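Here the structure comes first, spelled out in structure tokens, and everything after it is commentary.
Please read all numbers here as calculations on a predicted model, not as lab measurements. Just follow the structure's listing: the first ligand is 1, and inside any ligand the first atom is 1. Residues take their numbers from the sequence shown, with the count starting at 1.
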Amino acid sequence: MGDRAGRQGRGPIAGLVVAALVAAGCMAGGYDQGEPQQPAPPRSAQPESQTTRADGTTSVAEFKQDIQDAVRLAQRYWAEQFRASGERFTPIRRVVAYSREGEVACAGQGLPRNNAVYCSAGDFIAYDVNWSVAAFRQIGDAFLFYLLGHEYAHGMQVRLGIRYNFTIQQELQADCMAGAYLGDSVRSGALELEDGDLEEFREGLLAVGDDPDQPWFAEGSHGTAEQRSESFFRGYEKSLGACGLG
Ligand SMILES: [Zn+2]
């Protein structure tokens, strides 16, 4: 994670960061809502190394398994990065699914449908399960690893005391960190990709890019599809050193 000795905003300032970055609503809508299918019987033994599965596997049970795998992989990755930097690591407290607007609140504010967020006030990730299942079916399992990687990265930004003036900077860095986590996990053998997974990342980033007419400085701007792809693959190829953490 590089040398962060010179960073401002650590220590006591972290409290301000938490207050300011309450809910980073991270994705855009755009998927048709579909009712989840009835869950299939749970799968048994988990391999040591996570493998994204072939496409066309769209059951809710697989969706849930992929979410769990993605969270566990991200947690393991960031625990290692913090340990290597001599920092204490605390995992994000929990990951919750919701299906109705306002069903889950962050700092008293109900979360909207068709999104996934990291809520710094409660240190949790929340995602609209119908929206996420639709994206999983439309794009593929790799999308979930990106989605969770991105939200997990927001939690790491808070822990590292990173706070930018513009949402877009925060978001593009989270995309880079998600890319680094996935690229490093592939390089270390913790994650095996299958044919088409890289293409799924590209498709997913296209799907969550801002409308080209959106001003980059607007509150809630995340970056165009091109900007998000560039950040993600920069991290994917070059690891965390390319994400401006230090
Ligand atoms: Zn985000």
Practice task
Could you confirm whether His222 has any N/O/S atom lying under 2.8 Å from the Zn ion (ligand 1)?
Solution key: no
Practice task
Give a yes or no on whether a salt bridge exists between Arg159 and Asp123, defined as a side-chain N under 4.0 angstrom from a carboxylate O.
Solution key: yes
Exercise for the section: Find out whether the Lys NZ or Arg CZ of Arg76 is both under 6.0 angstrom from the six-membered ring centre of Tyr181 and within 45° of the ring's axis. Expected result: no
Exercise for the section: Specify whether Tyr152 and Phe89 have parallel, tilted or perpendicular ring planes, treating 30° as the upper limit for parallel and 60° as the lower limit for perpendicular. Expected result: parallel
Exercise for the section: Mind telling me whether Tyr118 and His154 have parallel, tilted or perpendicular rings, with 30° and 60° as the class edges? Expected result: parallel
Practice task
Check whether any N, O or S atom of Glu171, backbone or side chain, sits closer than 2.8 Å to the Zn ion (ligand 1).
Solution key: yes
Exercise for the section: Return the name of the atom in His154, of element N, O or S, nearest to the Zn ion (ligand 1). Expected result: NE2
